[in-house]
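For reference, the structure discussed in these notes is given below.
In this text the structure is predicted, and so the values were computed from the model without any measurement. Atoms within a ligand are numbered from 1 in the order they appear, just like the ligands themselves.
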Amino acid sequence: MRTIDDLDVAGRRVLVRSDLNVPLADGKITDDGRIRASVPTIKALRDRGARVVVCAHLGRPKGEVKPEFSLAPVAARLGELLGTDVRFASDVVGDSARAAAEGLADGEVALLENLRFEPGETSKDDAERGAFADRLAALAHLYVGDGFGAVHRRHASVYDVPRRLPHAAGGLIAAEVDVLKRLTEDVARPYAVVLGGSKVSDKLGVIDNLLGKADRILVGGGMVFTFLAAQGHEVGKSLLERDQLDTVRGYLRRAEESGVEIVLPVDVVAATAFAADAEHSVVAADAIPADRLGLDIGPESGKLFAAKLAGAGTVFWNGPMGVFEMEPYAHGTRAVAQGLIDSGAFTVVGGGDSAAAVRRLGFDEGAFSHISTGGGASLEYLEGKTLPGLKALED
Ligand SMILES: Nc1ncnc2c1ncn2[C@@H]1O[C@H](COP(=O)(O)OP(=O)(O)OP(=O)(O)O)[C@@H](O)[C@H]1O
Ligand SMILES: O=C(O)[C@H](O)COP(=O)(O)O
């Protein structure tokens, strides 16, 4: 992959695709890790006299303009971190975007509004995506891919634009790939993978591939209820992928045949509602009341998961064990984070919310071998899949 050193950027408009998908609460950024991780590449380009047009997504507004998904707060934070004004365009490829891009002087930075306000960004239709990519590419002379967290998406800004402009990989993508390579080439065993979070339908499939790679898979977070239901247990109102039950039964069978241990929680924190002040209690994982939903793994499971990580050679973790944003459901995530630290293994934590959880719960980032900005992206990389955003940069 070419790096930005291979591009002559001085005086030219460079479209940088970053991953600025940060958690927000009441319009305020609750963790700016992904913005900070994006700064070095933008700064390097400014220092070389580039006119930097940054583009990124926030959440999943599904092709509609939804003000709560505006990148405006991110533009302000990015400006603070860069120590310069960031011009914010109020659209993605419209008049405001063109004016912002064309008005840049050397070393200046603009940020476009949320890419996913435009249906073309995520369209599965090549022509629709291509038409949007044409408009996005027209804003710049060169393209730098740096949004590692989104490289697994075949989206216009990730996959189609680099096929239209001279391009290179930014420093973040290069650094992430360097570390993750270690986990695919010469992994120190036993190799444990911990999965949780809420993007269940997105991430259940990775288990299929990991069954041939990991020695042990620990499942928590929203992911776990499809497993418990597949075993015939009641999961109440918990997150559940009903159409995946047979698939999950297949994973459990294959794991047993191939000697891969799938570790499930033995207890769960079950609440009456998705709220911090809802009534909640610890129940056995096979006895979740029908009117409750599981929002964290229980204390015994926290101990069990930590014990299963002890002595591992490598641990990769994506997805919080519970709704850590609410203190009553943060214990499981805390226990697993501590378990990684105590394991003595080479430890990688991946994902926007997973990395945010580690910081928010007060852990020292340096206690982990690597904190990756990519959750789904890291998982797909570890599966050995071809990632559209990396492929486009290599071509
Ligand atoms: N039992 C649960 N029920 C509902 N939501 C849950 C549960 N456990 C965890 N979560 C939620 O999962 C979210 C994070 O999931 P997600 O899969 O997005 O992880 P991530 O680390 O951000 O990875 P990525 O970078 O791929 O998005 C958190 O906001 C957390 O509240
Ligand atoms: O949070 C992430 O993993 C990336 O920003 C990609 O977001 P997505 O899962 O909504 O495509």
Side-chain angles (χ1 to χ4, degrees), residues 17-25 30-31 33-35 37-38 56-62 69 71 74 114-116 121-122 147-155 157-158 176 194-204 206 219-228 235-241 265 268-271 273-276 280 285 288 292-298 301 316-333 336-337 348-361 371-381 387-389:
R17 186 8 167 143
S18 300
D19 182 359
L20 304 176
N21 188 21
V22 291
L24 294 174
T30 55
D31 183 85
R34 277 181 167 159
I35 310 178
S38 304
H57 74 280
L58 183 78
R60 294 177 173 178
K62 302 199 168 129
F69 291 103
L71 278 170
V74 172
N114 191 343
L115 288 161
R116 293 187 184 174
E121 166 67 359
T122 54
F148 179 72
V151 288
H152 57 318
R153 303 297 182 211
R154 197 186 168 109
H155 292 170
S157 66
V158 176
E176 295 271 22
V194 189
L195 291 178
S198 58
K199 292 181 182 170
V200 184
S201 54
D202 269 26
K203 295 178 185 173
L204 261 177
V206 307
V219 185
M223 178 88 70
V224 82
F225 305 101
T226 308
F227 280 80
L228 294 174
V235 295
K237 297 185 288 174
S238 311
L239 269 188
L240 175 62
E241 293 292 328
V268 165
V269 181
F274 191 88
H280 58 273
I288 300 175
R292 293 203 171 202
L293 68 166
L295 293 182
D296 194 11
I297 61 169
S301 309
F316 177 83
W317 172 28
N318 168 248
M321 294 294 99
V323 183
F324 72 94
E325 297 93 337
M326 304 180 196
E327 185 50 40
Y329 318 116
H331 176 81
T333 302
V336 162
V348 179
V349 183
D353 290 303
S354 307
V358 159
R359 289 186 283 265
R360 177 173 171 150
L361 299 177
I371 299 202
S372 169
T373 52
S378 299
L379 281 172
E380 291 198 21
Y381 186 91
L387 304 185

Inset, instruction - Using heavy-atom distances, let me know which of K203, H152, M326 sits nearest atom 19 (O) of ligand 1. - result: K203
Inset, instruction - Could you check atom 7 (O) of ligand 2 against the protein and tell me its nearest heavy-atom contact, residue, atom and distance included? - result: H57 NE2, 3.2 Å
Inset, instruction - Could you tell me the residue and atom name of the protein heavy atom closest to atom 4 (C) of ligand 2, and the distance to it rounded to 0.1 Å? - result: G149 O, 3.3 Å
Inset, instruction - From the options G222, P320, G319, select the one whose nearest heavy atom is closest to atom 2 (C) of ligand 1. - result: G222
Inset, instruction - Just jot down the ligand 2 atoms closer than 4.0 angstrom to any heavy atom of R60, in number order. - result: 8 (P), 9 (O), 10 (O)
Legend entry - Close approach, R34 and ligand 1, non-hydrogen under 4.0 angstrom: yes
Legend entry - Atoms of ligand 2, numbered as shown, that sit under 4.0 Å from any heavy atom of R34: 1 (O), 2 (C), 3 (O), 4 (C), 5 (O)
Legend entry - Salt-bridge contact D202-R153 (side-chain N to carboxylate O under 4.0 Å): yes
Inset, instruction - Just go through H155, R153, K199 and tell me whose heavy atom is the nearest to atom 3 (O) of ligand 2. - result: K199
Inset, instruction - Assess Y329 for proximity to ligand 1: is some non-hydrogen atom of it under 4.0 Å away? - result: no
Legend entry - Which of the ligand 2 atoms, numbered from 1, are nearer than 4.0 Å to a heavy atom of D19: 4 (C), 5 (O)
Legend entry - Within-4.5 Å side-chain heavy-atom neighbours: F274 and K237: no
Inset, instruction - State the atoms of ligand 2, each with its element, that fall below the 4.0 Å cut-off from a heavy-atom position in N21. - result: 1 (O), 2 (C), 4 (C), 5 (O), 7 (O)
Inset, instruction - Return the option from S238, G294, S198 holding the heavy atom at the smallest distance from atom 3 (N) of ligand 1. - result: G294
Inset, instruction - Quick one: look at N318 and ligand 1, take heavy-atom pairs under 4.0 Å, and tell me if it's side chain, backbone, both or neither. - result: side chain
Inset, instruction - Could you tell me whether H152 and ligand 2 have an N or O pair separated by under 3.5 Å? - result: no
Inset, instruction - Report yes or no: does a heavy atom of R116 sit under 4.0 Å from some atom of ligand 2? - result: yes
Inset, instruction - Please check if the side chain of S354 supplies one atom and the backbone of V349 the other of a donor-acceptor pair under 3.5 Å. - result: no
